[in-house]
Amino acid sequence: ENGAGAVLDGAVTVTDTRFDRNQAAGSGGGLYVADATGATLVDVDFTDNTATWGGGLYIASSASDLSYAGGVVRSNSAAANIGRGSPSAP
C-alpha cells in the first residue's frame with residue numbers, strides 16, 4: 001500500500017538510484033520514508049511515480065533528519081493533489 005518502489009526506515013544511505021513509474025495505493029509512489037533519522041539520499045531520481053499522497057516521495061510525520069543532495073524530481077502525481085513532487089506542485 002505504501003512505498004511502491006521502496007520503504008526507508010532508519011539510518012540508510014541511498015546513492016545513484018532511480019524510482020521510475022511506481023504506483024502506490026496509499027503514500028509514496030516512489031519511496032515511503034517511515035523513519036529517516038540519519039538517512040541520506042544522494043543523486044536519487046523520482047520520475048513518473050503515482051500515489052494518493054506523495055507521488056514521488058512521502059515523508060511520514062515521524063521521519064526526521066533526512067538529507068537529500070542531487071537527483072531529479074519530476075512528473076510525479078498524487079491523487080489527493082498533495083506532494084506531487086514536481087516543480088509545478090502548489
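For Asp48, there are no side chain to side chain donor-acceptor pair (under 3.5 Å) partners two or more places apart in sequence or in a different chain. Under the side chain to side chain contact (heavy atoms under 4.5 Å, CB included) criterion, Arg18 pairs with Asp20, Asp45, sequence neighbours left out.
Summarising the geometry of Gly28 relative to Ala51, their closest heavy-atom pair is N-CB, 3.8 Å, with the distance given to 0.1 Å. The shortest non-hydrogen separation linking Val44 to Val14 is CG2-O, 3.6 Å. Between Ala60 and Ala34, the closest heavy-atom pair is CB-O, 4.0 Å. Nearest approach of Ser27 to Ala24, heavy atoms of both residues: O-CB, 4.0 Å.
Annotation: side chain of Leu31 is in contact with side chain of Val33 (closest heavy-atom distance under 4.5 Å).
Taking OG1 of Thr47 as the start and CZ of Arg21 as the end, the distance is 8.5 Å to the nearest 0.5 Å. Here the straight-line distance linking atom CG of Asp16 with atom CG of Leu41 works out to 11.5 Å at 0.5 Å rounding. Distance check: Thr40 OG1 to Leu66 CG gives 7.5 Å after rounding to the nearest 0.5 Å.
Side-chain atoms of Thr17 come within 3.5 Å of backbone N or O of Thr15 as a donor-acceptor pair. At distances below 3.5 Å, at least one donor-acceptor pair connects side-chain atoms of Asn76 with backbone N or O atoms of Asn49. For Thr52 (side chain) and Ala25 (main-chain N/O), a donor-acceptor pair under 3.5 Å exists by modelled atom type.
Both Val12 and Tyr68 are members of a single hydrophobic cluster when ILVMFWY side chains are connected at heavy-atom separations under 4.5 Å.
Sorted by first then second residue, the ring pair (Phe, Tyr, Trp, His ring centres under 6.0 Å) pairs that include residues 11-42, not counting sequence neighbours, are Phe19-Phe46, Tyr32-Tyr58.
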